[in-house]
Each structure stands twice: as C-alpha cells, then as structure tokens.
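Throughout, protein chains are lettered first and strands after them, A, B, ... in sequence-line order, and every chain is numbered starting at 1.
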Amino acid sequence: MKISLDWLQEYIDIDLPVSRLVEVFDNIGLLIEDWKEEDGDVILDVETYANRPDTLGHLGIARELATALGLTLKEQRFPLAETSKNISDLIDVQIWDEDLCPRYCGMVVENIAIGPSPEWLMKRIEAMGLNPINNVVDVTNYVLFATAQPIHAFDLDKIAGRKIIVRRAKQGEKMQSLEAKDVDLTSEMLVIADEEKPVALAGVIGGENTAVSDSTQSVFIESAHFDPVSVRKTSKATGIQTDAAYRFERGADVSFPPEAARMAASLFSQFSGKVCRGIVDVYPKSRKIKTVMLRDHRVTSLLGIEIDSGFIEKTLADLGFQLENKQPGIWQVKIPHFRIDIEREADLIEEIARFYGYEKIPIQLPPLRSLEPILDPKKEKIKTLRQLLFHYGFDEVVNFSFMDPEKQEKFTHDLNPIPIRNPISTKAAFLRTTLIGGLLENVAWNTNRGAEGVDIFEIGNIFQFDNDSYNEHLMLSMVMTGSTGERHWKEKGREAGFFHLKGTCEALLAQLRYGSFFFKEENHPHFQDGRSLALHFKGEEIGWLGAIDQKILGAYLLKHEVWAAEINLSFLFEKQTQAFQYSAVAKYPSVSRDVSFIGAKNVSFEEIRVVLEKLQLPYLEKFTLYDRFAGSSIPQGEVSLSFRFIFRRPDRTLQADEVDVFQQKIIDTLRASFNFRLREGGKIDK
Amino acid sequence: MENLKIEIQNKRKSFEDALAKVKDRHSLQDIRNEYLSRQRGIITGIFEQLKHVKPEERPEIGNLINDFKNHVQERVLALQEKFAAPKKVLEKVDLTLPGEKKYWGAPHPIPLFQQEIENIFLRMGFSIADGPEIETDYYNFGALNFPPHHPARDDWDTLYITDDVLLRTHTSPVQIRVMEKKKPPIRIINPGKVYRKEAPDPTHLPMFFQVEGLVVDLGITFAHLKGTLEYFLKALFHEKIKIRFRPSFFPFTEPSAEVDIECTVCGGKSEDCRVCGGGGWIEILGSGMVDPQVLKNVNIDPEKYSGFAFGLGVDRTAMFAYQIPDMRYFYENDLRFIRQFSLK
C-alpha cells in the first residue's frame, strides 16, 4: 500500500526524519518495503496484512502512527453546500439480499461542474500511482485511499426509474464494466441494479451504462458495505481485481459508509456541487459492537513480561478501543467496527505487544521439560543410506515432484499418476510416479555440459492414485552412465555398468541389514528386454534395476546407455531388519581350491549357485566366481568359469585328501547337471 | 667345582679361536648356534652342570657362566654388524606423483543444510515429525485458522488436486497431526517439501523445503520464542549476528512475529545491495504464539497451555548462507554446483 507522507499530515503532524519514521513503522509491524521522495512528498510502500483492511487507507495508517508516537488525530470536517431538495424525492434504494449487502448509503449531489481535478487532488491521485481522470472519479479514489472505504459515483440521470436495487444477478445477465468488458453474471454475484439492468458489480466495479461523463450533472454517491466472501468470489470468478474489491474482500468498516459519503459530498461541494438534503442509509440489521475481555495476567503469561496497565489502557484507547475496568486487572474492551481482526484476548495482547515493542520483550530459553522423543527409524535409515551412497561415489540430486505428462506416458506403468488441477505449466501437470524421469533429465543436463560420467541418486516421494486415495511412496533411485571418476595415471577409469549398479544395491541392502533379498530376471517397461532384474524381499517386489529402455532414452535425448535402479523405501523400511550377531573367528585354517570349468554360455550363474547349494557340502564355507571369459581359446557358445572354493571345519584342520573328495563331488555334480568340463592349464580334459 | 672353572676357561678360549676364523654371516651364525642355542648350546650345557656344584659355591660359578654368556653375546653381536648384508639401494620412485583418487559423492546442498538446521534443534531436545505432502484443505488451512475464501490464502498460492485435496503449502499440517495425537508438552520440528503455485524465478520456486517448529507446554511465553529463535540463528550463522523481531500476521499465530537478521553481505551499508535491497535486514523466519483457535481445533485448552511456532524456508536461508544468487540453481542439479558441497 502506497502511503503519502504529505497526505498523512492531514491527520497528524509528523516532524520526524524519514529514516526514523521507517523504523517506527517497522517496529509496529508496518514494514516499509521501499520509499522514495517525489515532488516534495515522500511515498512509502507499506506492507499490509490480509487481516488489517483498516490499514489500507491513510486514516488507518495515521491512527497507528499516532498511537506509536503519542500524537492525537486531527478532527475531520466535511462542510456541505446544500440545496433544498430532499434525497428521498430523488432516489429509492432497496436491498434484496441483506446477507450480501448489510448496509447501503447514498447521497445525491447536483450541478457538479465535471472537469479536471484541482492540483492538490491530482497530486494525491498521482501519489497513489494512478492517473487523474476527472474531479468526480478522482474524489471517489481519494476517499478510498484516504479512508479505505470504497465508494462509487453514478450518473443519477442514467439510473432508470431512479431506483437502486441491490440484488443477486439473474443467471445469464450481462453487464459492461467500466473497463469496457462484457461481464457474464451468475446468480452467485451481487449487483447494483436500476429498474431495468445491473449498473454495477457490487463492491467490484461500476457499469459503463451509468458512468459519470463530461455531460453528467448530478451524481449519486454509493457508499456501502458488502459481504467479503461474496465480493471475493465475484472478483475471482470475473477476474476483475480492483482497489475496491481488494478492500471489501478483506472486510470494510460497517460503521463508516455515511461518513465516506459525506466526505465525498463535501468535496463535490468544492466543484460547485449542491448536496441534496439527507442521506439514504439502508441498514436493516445494525451490527453490535463486539466486546472482548482482557486480563492483565494473561498479558504477562503470554508475553513473558509485566506491562504497566496505564500503558495498556492508553495504547488501546489511542487505537480506538473503549476500555471498561470491571475488576482490578480485568477490562471489557469494546472493539470498533474498523478492527475486524480483533476477536479474542490474544488479538488485544498482540496490539499491546506491538506498541510496547517486541525488542523490549526479554529473551529467555523455554523450560525444557524432558519428554519422550518421537522416534523416526525411517529418518535414521535414510541418513545411513545417504552416507553409504556418498561413500560409493554417488552424488545427490533433488528434483521437483512434477512430471511432464508427455514424458510420463513413456513410463508405461501400472501406477495412476495424479494430475494437478492448476499446474504452473503444462510440462509440470502431473505428480511424478517415478524418480527416474528427473534423474534422466539430470543426466542429459550434465552430459550436455561435458560430464564424462554421471552417478547420481535421489531420495524422495512418488505419488499415485490408488484405491480411491492419494498415496505417497518414498523411493530411492540411482542412475549411472559413462565412466566413473576422472582419468588417473595409476587407475583405470571404470565404465558404468549393470553389475556396478547391482553391486551397489546388494551392498546397500546388506549394510542396512536387509540381507535376505533376491533378484529375479523379469522384463519391465522402463528397461530394455532381457536387461532388467526385479528386486524381491520377503515375497514382495520392492524394486527394479536395469538398462533404461531406448524410447525413454529418446524422450530425454540421451544417446548412451543408462543404468537405473529404483527401490521402494516405504515397502523396505516396513520390513524387519536382521539383528546384528557376533560370531567367533574361525580357529582352524581354511583350505581353498581354484577350479576352472568350461561349459555352455547359457547356463546362468544362478542355476549353478542353486545346484551347489543343494549339494549341502558340510564344510564348504563359501565360493566365489573370480574369472569368466570366452574367446578364441574357448569353443563357440561356451565360456570358461573359474571358481574359488573355501573349505573349513570348525573343530579341526581339514586334510588335503578330505578336501579332494569334496572337490571331486563338485566337479561331478557340475558335470552331471550342466555337462561342465574341467579346464586345466588351458587344456580341456575329456 | 674347579673342573667346571677350567672348562669355562677352555670353552672361552676355543670360542675366541673359532671367532677368529669367522669370515661371513653364515659361519658366525653357526658359532652363535653352537654356543648360544637354548637347547643344545655349549653355554646351556655348562648351566646344566651347575646343579652338581655345592649350593654355597653356586653363586660364584653362576656369575662366571653369566659373564661368559654375556661375552659371547656381545662378541657375536659386534661381528653380526660387521658381516651384515650391504644396504640395498632402492630404485628411485617419483613420490611427487598424485595419490590415488578417492571418490566420495556430494550431498545436495538443501538436504545438507536442512540437516544442519535439524541438528541445532535436536540439541535443544526437539523431535522430528513428518507428514504427507498431499494434504486436505482442512489440515493445510482450516485447522490453521484460515477462514474459507479469506484473502490470507492468497499469500499461500496453492496447487490443487481437487477442491479439497492439495499439495501442502507449508509443513504446518504436520503440527496439527502431531497435536491431534499427542498432548503437551510438545517440542517438534517438521522439515519437508512444500509447494506453491509460483513460476520459478531467482527467488521463487514451485517446490521448496521448509523447517517449521512447534513448542506447546505450560507457561510458554513470547520471551521463550525469542530465546529459542535467537539461540537457533546464532548457532546457524554466528554468535554476534544482529536479530530483529517485528510484528507480522499469520492466521495461525497471535501475536505473530517476523524475524530478520542483519544482511551479512553488505552489513546494511549498501544502498543497492542485491541481497537485502539496501534495507540492511533479511526476513528469515516467520513465527508467533500459537493462535488460541488452533489449539482449540486440536482440543488443547488455550487457557491452560500456550505455545509458539515458527518456520523458515531452507532454500532461501541456504541461498543467503552460501550467497547463491539464484534459487533455481538448487534444482538444476548441475554436478559442478553440487560437487562443491562434498567439501561442506
């Protein structure tokens, strides 16, 4: 809200440097966002709040400032040049909807010489950032910015039947607004109508048909009170935002319309206008003054400091409240109509604190009673997860939760995306059902800027509509492409690949103590066929990993292979973790045997593992695949596999001949199951 | 006894003779073994004979044997050094070559900064509570004392899914959810993502992170709010930072306060400072005493209990703390930006 210092002087005598004034304003919560000197005046840009419509005019601001500085508001006088005509002979006002229009006042001024405003008025209007139009329009704006009460001037002669009817619009009715726009009206909207047609959209904007023009002689001044919600809905529905609507939708002062009308009439008198006797004031249900109890001890217990009751009484009185001291330390406070924000004791305490000064309230740490902490194991797990991922060399990213519906389509999936009704753009119209989309965008962004490799992860929610409800799942997604690390004289860079990602998943799950997971070869629409694994845990599918499908890569303009994994942490974290258990370090040495086989390529490692497990060799501690290759020395369609088997007995040292027996059993089994042959020293046995 | 004395003398002599003939490490080792071997060595043999000596004479003989043993050890040691293998000259290695690269991933600055904020409150005995990002109108607005159709809602520009379902515009709904379940004392912070219908520009984003906090207990005052937030801001920035509490308005607090800190970029001295706009202050927190209506909405008696609440934007504060000029950088996820925070 723009406030002119010169204008404020109409209400109070201020004799302070601007810098000091800014401080005073800031301290009572009227933040000065900016100020500038202009034309011998100072224009302050004051931040106002949705609950304080009374500060949307110079009068209200002056009242605040007067209270802060201990000044008295100057009395306002509105002398009128009157005619002998009676207003009741000139216009008839009826309110047909008292809920939406609790009060309607009007005055008539005849014989106005329409023309440019006098210089002082033009200056005021310009100070508000508006262009002066003519003396009538300028006066209505002047009253609005002076008092925060919007008023409107109709050309009296254009009001059909000299009747003002405040009613709901009829469905399908139209009105041309002052902005020369056709407005489609609905029965939700309140209009000011004459005998024939709507002449104004109540509290929002006047109509073209009754606008004041150069030929206007008599003016009907409307100064009314409209229901805030109704004005807001109408303003939203029509998209018409005006200074008047801005004030009405926040709540105007129901007691003020007569004074605002008089103020306007008085100003018109200055332009040779003659004011007809009397005022129309339709106010069917007079509003009662609210009363709020204020207790001294509550002031202290809420603010943490005792405030002198003399200060309390003076401050509230200066702000326009009426106090009645019922008992010592208890007041009944009458709330003026312009303070629609004050309803409870706490509201009054805030008023006291504002003017007492927040800076004078002491600084204390609260008594921290010990209390049971709210435990969040999920939070701890995420912390561990992030540390592990940093350790594995993944960088963390955070993407917006939105997704482009066009890209979403590429992720054909059984999850129903949730559309946003009023998205910031069509490209952000869905909530994401996967984190992979965002991560692929990050890959594209970084590779386009010269990154040779990208290893990134994100932890965040995905959203889906399911079973008639909106669901959120916490996900971890990892994506990798290109080479990891930079070139170094001693180390070869590592190309990102499926098994790198798989190893990361295995390590993460093991370290979080969810060891009993397994992978299953399954196709998934996000991944290339035959290049993805489903991650299962205790009978539930909790994630996927694989090489991203070509058409998805295409949607993100990516040319290189990208590997991705996505794990549903909401599912995972619900599962029981394995307890940590210490086991004794083995006393007796192990015996290890390296055995190389040659066999068909299409035998999977998993099949071999299952067969070896079924053997149930009692002292086989573990086995690892340490080499795997195919090439010119190996027959077509076959592969060489080298295993290391480690045997150990807990109670004594194993003898070589015992181990020989186990080894032979392994060789025989793999031969029987898969037709594997031993490969020794590059030679193949028969 | 005399025999033994003579034997010691003889052995000593033969040891000297043998030693004189030693030419290399190996023959020295043989002599060492011959005399000093613990099981079959000559000296061990002499010690064996000690048991046949009369007890009163044993100390004297014992000393003699020990002397001999020490003598042998010293002599052998001296010669060992002489015959030691010459030191190998190591091949020259360029030790100035760079060490092997250790890679560790970088945290995103926002979760990182959020954790810093959380840690300060955890030290003060706060718990962390969390809630859904998709909320109902009631939890996001109604329970927080926003009347329906009130212009106050305009300050929280909202992304809607239906009339009643929306993306939370602040993490305050979590406070309502906690208060519904738990009676005071309550001391929580609520970090998380929030959403606003704002097109991205250098200082606005449609999604950002907030940390909000709530304390409800007997006898909580505005002075406690000031104390808590001062402690927090001094811990987050520095001990001497200037802080200002200024009246403001939020539907869910009464009285309400905005908390400003001095602009550490220009110190309030630059007329056209990019960060504070010349005002010298930066809004950092919104706060206030919990509105009595909010307490009533969750069945907490405002006559008995009082509390304060506060909230800050993590992105905005991080932007200021790290002097990042554009909030959108956080969501570009440019690794040249993010990797800098591996050092933070």
Side-chain angles (χ1 to χ4, degrees), chain A residues 26 28-29 31 49-51 229 232-233 249-250 301-305 344 346-347 349-350 353-354 358-359 361-366 368-369 371 373-374 376 379 386 389-391 393-401 418 420-422 424 442 445-446 451 461 463 470 472 485 488-491, chain B residues 97 100-101 103-108 110-111 124-125 127-130 132-134 149-152 155 159-162 165 185 187-188 193 197 199 206-207 215 217 219-224 226-228 230-231 245-249 254-255 257 289 291-292 306 331-335 338-339:
Chain A
D26 285 356
I28 57 172
L31 185 70
Y49 302 108
N51 68 332
V229 172
R232 179 171 168 85
K233 284 182 170 172
E249 67 179 14
R250 281 162 176 72
S301 67
L302 205 59
L303 299 181
I305 186 171
R344 296 90 33 97
D347 302 327
I349 296 173
E350 179 176 65
R354 277 202 306 135
Y358 279 14
E359 78 283 358
I361 293 173
I363 293 160
Q364 289 168 358
L365 280 175
L368 295 182
R369 281 209 276 160
L371 55 96
I374 302 170
D376 189 357
K379 185 108 188 155
R386 289 176 69 232
L389 284 160
F390 298 146
H391 179 73
F394 283 81
D395 295 320
E396 184 178 32
V397 298
V398 178
N399 286 293
F400 290 139
S401 304
I418 299 171
I420 299 170
R421 204 173 61 184
N422 56 339
I424 53 158
N442 306 147
W445 174 283
N446 284 289
N461 281 339
F463 307 84
Y470 299 95
E472 298 173 26
H488 188 267
W489 65 276
K490 202 163 179 298
E491 298 156 69
Chain B
L97 282 167
E100 289 177 14
K101 277 269 183 236
Y103 277 95
W104 67 100
H108 189 277
I110 297 300
M124 284 194 274
S127 287
I128 298 175
D130 139 24
E133 292 173 31
I134 297 180
H149 305 293
H150 195 271
D155 296 335
L159 289 167
Y160 284 96
I161 291 163
T162 68
V165 180
R187 204 151 65 227
I188 50 165
K193 286 175 188 162
K197 186 172 161 47
M207 182 192 96
V215 173
D217 202 348
I220 294 296
T221 71
F222 195 89
H224 297 142
K226 283 183 74 176
T228 305
E230 261 211 40
Y231 172 83
F245 289 82
R246 153 172 79 71
S248 186
F249 165 68
E254 191 79 16
M289 302 303 291
D291 193 283
S306 55
Y331 299 92
E332 277 172 356
N333 294 306
D334 191 314
L335 296 180
I338 288 175
R339 285 204 59 85

Colleague: Below 4.5 Å from any heavy atom of chain B, which atoms of A:D376 appear? Answer side chain, backbone, both or neither.
Modeller: side chain
Colleague: Let me know which of A:N446, A:V398, A:V397 forms a side chain to side chain contact (heavy atoms under 4.5 Å, CB included) with B:I338.
Modeller: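 With B:I338 as partner, side chain to side chain contact (heavy atoms under 4.5 Å, CB included) holds for just one option, A:V397.
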Colleague: Name the member of B:L97, B:T228, B:I188 that forms the most heavy-atom pairs with chain A at distances under 4.5 Å.
Modeller: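 Among the listed options, the one with the most contacts to chain A is B:L97.
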Colleague: Is A:K379 paired with B:D130 through a side-chain N to carboxylate O contact shorter than 4.0 Å?
Modeller: no
Colleague: Report the option among B:M289, B:E332, B:M124, B:K193 that has the most heavy-atom pairs separated by less than 4.5 Å from atoms of chain A.
Modeller: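 Most heavy-atom pairs within the cutoff with chain A belong to B:E332.
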Colleague: Based on non-hydrogen pairs under 4.5 Å, which of A:L365, A:I363, A:D395 is most in contact with chain B?
Modeller: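 Among the listed options, the one with the most contacts to chain B is A:D395.
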Colleague: May I ask you to name which of A:I418, A:N399, A:L389 has the most heavy-atom pairs under 4.5 Å with chain B?
Modeller: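 Among A:I418, A:N399, A:L389, the one with the most close pairs to chain B is A:N399.
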Colleague: Can you tell me which portion of A:E472 sits under 4.5 Å from chain B's heavy atoms? Options are side chain, backbone, both or neither.
Modeller: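 Contact with chain B is through the side chain of A:E472 alone.
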Colleague: Give the ring-plane orientation class for A:F400 versus B:Y331, where under 30° counts as parallel, over 60° as perpendicular and anything between as tilted.
Modeller: parallel
Colleague: Using heavy-atom distances under 4.5 Å, tell me whether A:A346 contacts chain B through its side chain, its backbone, both, or neither.
Modeller: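 Looking at A:A346, backbone and side chain both touch chain B.
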Colleague: Where is the tightest heavy-atom contact between B:A199 and A:I424, given as atom of each residue plus distance?
Modeller: N-CG2, 4.4 Å
Colleague: So which of A:N51, A:D26, A:I349, A:N442 has the biggest tally of heavy-atom pairs under 4.5 Å with chain B?
Modeller: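 Max contact count across the listed options: A:N51.
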Colleague: Could you look at B:V165 and say if it's the side chain, the backbone, both or neither that has a heavy atom under 4.5 Å from chain A?
Modeller: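 It is the side chain, since no backbone atom gets that close.
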Colleague: The test is side-chain contact (heavy atoms from CB on, under 4.5 Å); show your working for A:N422 and B:L159 and say whether it passes.
Modeller: CA-CA 6 Å; A:N422 56 339; B:L159 289 167; 4.1 Å; yes
Colleague: What is the distance from atom CD1 of A:I361 to atom CZ of B:F245, rounded to the nearest 0.5 Å?
Modeller: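 Between atom CD1 of A:I361 and atom CZ of B:F245 there are 10.0 Å.
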Colleague: Which residue out of B:P292, B:G125, B:A106 racks up the most heavy-atom pairs below 4.5 Å with chain A?
Modeller: B:A106
Colleague: Counting C-beta onward and ignoring hydrogens, is there a side-chain heavy-atom pair between A:E350 and B:P247 closer than 4.5 Å?
Modeller: no
Colleague: How long is the straight-line distance from NE2 of B:H224 back to CG of A:L368, given to the nearest 0.5 Å?
Modeller: 9.0 Å
Colleague: So, taking the atom named CD1 in A:I28 and the one named CZ in B:R246, what distance separates them when rounded to the nearest 0.5 Å?
Modeller: 12.5 Å
Colleague: Once you round to the nearest 0.5 Å, how far does OG of B:S248 lie from CG of A:L31?
Modeller: 8.5 Å
Colleague: With chain A, which of B:A129, B:A152, B:P206 has the greatest number of heavy-atom pairs at distances under 4.5 Å?
Modeller: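 Among the listed options, the one with the most contacts to chain A is B:P206.
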Colleague: Specify the closest pair of heavy atoms between B:T221 and A:S301, including all atoms of both residues, with the distance to one decimal.
Modeller: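 The pair with the smallest heavy-atom distance is CG2-O, 3.2 Å.
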Colleague: Counting only non-hydrogen atoms closer than 4.5 Å, does A:R354 touch chain B with its backbone (N, CA, C, O), its side chain (CB onward), both, or neither?
Modeller: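 Both backbone and side chain.
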Colleague: Is the shortest side-chain heavy-atom distance between B:P111 and A:R386 below 4.5 Å?
Modeller: yes
Colleague: Counting only N and O atoms by type, is there a donor-acceptor contact under 3.5 Å from the side chain of A:E396 to the main-chain atoms of B:H108?
Modeller: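 Present.
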Colleague: Counting only heavy atoms closer than 4.5 Å, note whether A:S401 contacts chain B via side chain, backbone, both or neither.
Modeller: both
Colleague: Is chain A contacted by the side chain of B:D334, its backbone, both, or neither, given a heavy-atom distance below 4.5 Å?
Modeller: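 Both backbone and side chain.
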Colleague: What are the two closest non-hydrogen atoms of A:P373 and B:S127, and how far apart are they?
Modeller: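 Heavy-atom minimum between the residues: CA-OG, 3.2 Å.
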Colleague: Of the listed residues (A:W445, A:F463, A:F394), which shares the most heavy-atom pairs with chain B below a 4.5 Å separation?
Modeller: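 Going by pairs under 4.5 Å, I would pick A:W445.
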Colleague: State the OG1-OH distance between B:T162 and A:Y470, to the nearest 0.5 angstrom.
Modeller: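 Here the interatomic distance stands at 5.0 Å.
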Colleague: Out of B:A257, B:S306, B:P185, which one racks up the most heavy-atom pairs below 4.5 Å with chain A?
Modeller: B:P185
Colleague: Against chain A, work out which of B:E230, B:R339, B:K226 has the most heavy-atom pairs shorter than 4.5 Å and name it.
Modeller: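 Counting heavy-atom pairs under 4.5 Å, the top option is B:K226.
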Colleague: Using non-hydrogen atoms only, which part of B:E100 is less than 4.5 Å away from chain A: side chain, backbone, both, or neither?
Modeller: both
Colleague: How far does CZ of B:R187 sit from CZ of A:R369, to the nearest 0.5 angstrom?
Modeller: 9.0 Å
Colleague: Determine the option with the most heavy-atom pairs under 4.5 angstrom with chain B, choosing from A:N461, A:L302, A:V229.
Modeller: A:L302
